[in-house]
A.B. asks: 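Structure in structure tokens, see below.
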There are 2 protein chains.
Amino acid sequence: MYETSSSASDAASPLSCCECNARGVCLPAGMSDADCARVSGLVLQQHRLVRGDALQGVNEPVHGRWYAIRSGQFKSFQADQHGKPCITRFASAGELLGLDSLDLDRYTDSTTALCDSTVCEFSYPQLVEAARHFPDLARSLECRLSKQLAQQQALLVRCDYAEQKFAQFLSHQAWKRSYQDDHMLELHLDLSRQEIADYLDVTHATVTRMISRLQGLGIIGVRYRQLRLLDRPGLHQIAAGQHPASKGGAGTASDNAAHQPA
Amino acid sequence: MYETSSSASDAASPLSCCECNARGVCLPAGMSDADCARVSGLVLQQHRLVRGDALQGVNEPVHGRWYAIRSGQFKSFQADQHGKPCITRFASAGELLGLDSLDLDRYTDSTTALCDSTVCEFSYPQLVEAARHFPDLARSLECRLSKQLAQQQALLVRCDYAEQKFAQFLSHQAWKRSYQDDHMLELHLDLSRQEIADYLDVTHATVTRMISRLQGLGIIGVRYRQLRLLDRPGLHQIAAGQHPASKGGAGTASDNAAHQPA
DNA sequence: CGCTATCTTGAGATAAATCAAAAAATGTGG
DNA sequence: CCACATTTTTTGATTTATCTCAAGATAGCG
């Protein structure tokens, strides 16, 4: 769905931003075709990655690089004191990677592909230079920085229960993907239970239990790593803090419980 | 210590950035006197606030404003689903407020002064305009945005115990203030136990218990809201995940309990 | 001096962790 | 295509850090 034309060779065929599927949510969002082309000219190269490939590792020199995701999904993570990976971010098409390292010497985190993906590489110094005659570009970047900051801010709001965190996580993922398709109910998260657990700061056992419960409530349908959101309103209620159905149904009013088998 | 000359009247006497105590850690950090003066010219006005004053409230229109803290301390917070305040940030001299709202219409959080404070007000559209002929300014802002993003990122790394969170919080606060005085051990946090609790996402009872324990270990000295860091190495060890002294001493190796005065 | 805020401390309740062991899926080689 | 090894997911029993509820202690203030 993301790959249209293109046989996207590795560093060749630098598909122009103007034709990119992510254009509307990426750096040139809202720009004219002409300006979009100027942005396109700043792409140093494009990289293809397969699941598990590292885009960048902790302690690697930054050299002013940063990336825009053309397609795919990525996770960024740091290691805590026990070496356990702490996932700090999931990012998909249109999102910018490395904005938190613009003025750093070396990366403080690692970023790897969760599935086969493509990214465009930029240079910050070069962008600064280009911005001298293209102020809208600097502004677009600042806007993205600000937005990302606001999003991170929102993550700091706490939850009473792990289930609420998970519901918020799902809602957010669905929202990020629904810029084109508002009724997108299929969520393909290329994440193991363990990876979800690392992100939500719970154990994999807890993730499994949460998923089972939500499935029992008919809010989601699960088949391995393929999720189907069956009851968006119910999900939002849990995300908003409506206490889940620990004991009494007290139901989210959505007892229709669509049984997605398989 | 922050107020030097100046009798800082309200919107008058816009003390120039060049003479501001926060110059080295604020927007004009690293700039020449001439450039610093240019930044100073962008200050729309200065505001004085007393403890409890709101700088900006949730849902208020933004109008492109943002602020630099000249002196004092602020907290930013949102309300969770039960109305409990979730503190997402503490900020002091030199830090910029409102960068997460640059492209928002209305604020999504509130910010209030924790003690008597002064801020400089800027306009983002005006800065964008100024940046056309002053690219270093845009760059400085981007740099600050990036740094703040990296800091927030770091906050997302989880802790096993509330005590570890608290130790990290203290270390971070000490670090933020030690740009001038590396041996600053007195920490005046204008925060109630409840406010600390809201930030760390624990209850005030837990905060009290943590403080008592750390005091018992000789790591901090406490007198109401005045904290004294007695054993920085010990504190860092706890912040780094060294399990605290729940039962056996198993000492953090800093049994010297460094009463390290100054 | 008493009032009110804030802070401390204790006892019981609980969501999630830990430990542990099946069960299901995936991969490998004969 | 089927046995076997490996990984991932599910499920259960016990433990634990922190919460909740509640009472007592301390500081600040009119």
Side-chain angles (χ1 to χ4, degrees), chain A residues 51-52 80-86 114-115 158-169 188-216 220-227 238 241-248 261-262, chain B residues 51-52 80-86 114-115 158-169 188-216 220-227 238 241-248:
Chain A
R51 172 170 173 89
D80 75 0
Q81 64 277 5
H82 308 304
K84 198 195 75 174
C86 279
L114 290 168
C115 58
R158 334 289 175 165
C159 299
D160 293 337
Y161 304 101
E163 199 162 312
Q164 188 184 355
K165 272 196 277 193
F166 182 62
Q168 289 184 358
F169 167 68
H188 193 79
L189 298 175
D190 294 291
L191 296 169
S192 68
R193 301 289 189 261
Q194 183 63 59
E195 282 172 316
I196 296 173
D198 290 341
Y199 184 61
L200 300 178
D201 190 31
V202 294
T203 57
H204 64 112
T206 300
V207 170
T208 291
R209 284 187 253 260
M210 281 190 311
I211 290 181
S212 301
R213 220 177 326 165
L214 290 183
Q215 194 174 18
I220 60 176
V222 185
R223 190 185 141 85
Y224 313 125
R225 294 177 183 182
Q226 188 78 23
L227 292 188
I238 292 178
Q242 226 80 356
H243 193 82
S246 301
K247 36 190 79 164
Chain B
R51 172 169 174 90
D80 75 0
Q81 63 276 7
H82 308 304
K84 199 195 74 174
C86 280
L114 289 169
C115 58
R158 334 288 176 167
C159 298
D160 293 337
Y161 304 101
E163 198 163 311
Q164 188 184 355
K165 273 197 276 192
F166 182 62
Q168 289 183 359
F169 167 69
H188 193 77
L189 297 175
D190 294 291
L191 296 169
S192 67
R193 301 288 189 261
Q194 183 63 60
E195 282 173 316
I196 296 174
D198 289 342
Y199 185 61
L200 300 178
D201 190 30
V202 294
T203 57
H204 65 110
T206 300
V207 170
T208 291
R209 285 187 252 261
M210 282 190 311
I211 290 181
S212 302
R213 220 175 329 165
L214 290 183
Q215 193 173 18
I220 60 175
V222 186
R223 190 185 142 82
Y224 313 124
R225 295 179 182 180
Q226 188 76 24
L227 291 188
I238 292 178
Q242 227 78 357
H243 194 82
S246 301
K247 36 190 81 166

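Residue numbers begin at 1 in each chain, while the letters A, B, ... track the order of the sequences.
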A.B. asks: Report the distance from atom CE of Met210(A) to atom P of dT11(D), rounded to the nearest whole Å.
C.D. replies: 14 Å
A.B. asks: First locate atom CZ of Arg193(A), then atom OG1 of Thr206(A), and finally report the distance between them rounded to the nearest 0.5 Å.
C.D. replies: 13.0 Å
A.B. asks: Is Asp201(B) paired with Lys84(B) through a side-chain N to carboxylate O contact shorter than 4.0 Å?
C.D. replies: yes
A.B. asks: Check the distance between dA16(C)'s C1' and Arg158(B)'s CZ and give it to me in whole angstrom.
C.D. replies: 15 Å
A.B. asks: How long is the line joining CG of Asp190(A) and P of dT8(D), in whole Å?
C.D. replies: 14 Å
A.B. asks: Using 0.5 Å steps for rounding, measure from the CZ atom of Arg225(B) to the CG atom of Leu114(B).
C.D. replies: 9.5 Å
A.B. asks: Within this structure, what is the CG-to-C1' distance between Asp160(B) and dT18(D), rounded to whole angstrom?
C.D. replies: 14 Å
A.B. asks: Nearest 0.5 Å, please: how far is CG in Leu214(B) from CD1 in Ile220(B)?
C.D. replies: 4.5 Å
A.B. asks: In this structure, how many angstroms lie between the C1' atom of dT20(D) and the NZ atom of Lys84(B), rounded?
C.D. replies: 13 Å
A.B. asks: Going 5' to 3' through nucleotides 4-10 of chain C, assign each nucleotide B (protein heavy atom under 4.0 Å from a base atom), S (under 4.0 Å only from sugar-phosphate atoms) or - (no protein heavy atom that close).
C.D. replies: --SSBBB
A.B. asks: In whole angstrom, what separates Arg213(B)'s CZ from dA17(D)'s P?
C.D. replies: 9 Å
A.B. asks: Should Thr208(A) and His204(A) count as side-chain neighbours, where that means a heavy-atom distance under 4.5 Å?
C.D. replies: no
A.B. asks: Is dA5(C) in the syn or the anti form, by the rule that syn lies within 90° of 0?
C.D. replies: syn
A.B. asks: Does any part of the side chain of Ile238(A), heavy atoms only, come nearer than 4.5 Å to the side chain of Glu163(A), both counted from C-beta?
C.D. replies: yes
A.B. asks: dA17(C), OP1 or OP2 - any side-chain N/O from Thr203(A) closer than 4.0 Å?
C.D. replies: yes
A.B. asks: Give, for atom CZ of Arg213(B) and atom CZ of Phe166(B), the distance between the pair rounded to the nearest 0.5 Å.
C.D. replies: 11.0 Å
A.B. asks: Calculate the interatomic distance between Ile196(B) atom CD1 and dT18(D) atom C1'; express it in whole Å.
C.D. replies: 17 Å
A.B. asks: Going by purine N1 to pyrimidine N3 plus the second Watson-Crick contact, or the G-U wobble pair, all under 3.5 Å, which nucleotide sits opposite dT26(D)?
C.D. replies: none
A.B. asks: Just name whichever nucleotide pairs with dA15(C), Watson-Crick or G-U, keeping both distances under 3.5 Å, else none.
C.D. replies: dT16(D)
A.B. asks: Provide, to the nearest angstrom, the distance between the OH atom belonging to Tyr161(B) and the C1' atom belonging to dC19(D).
C.D. replies: 17 Å
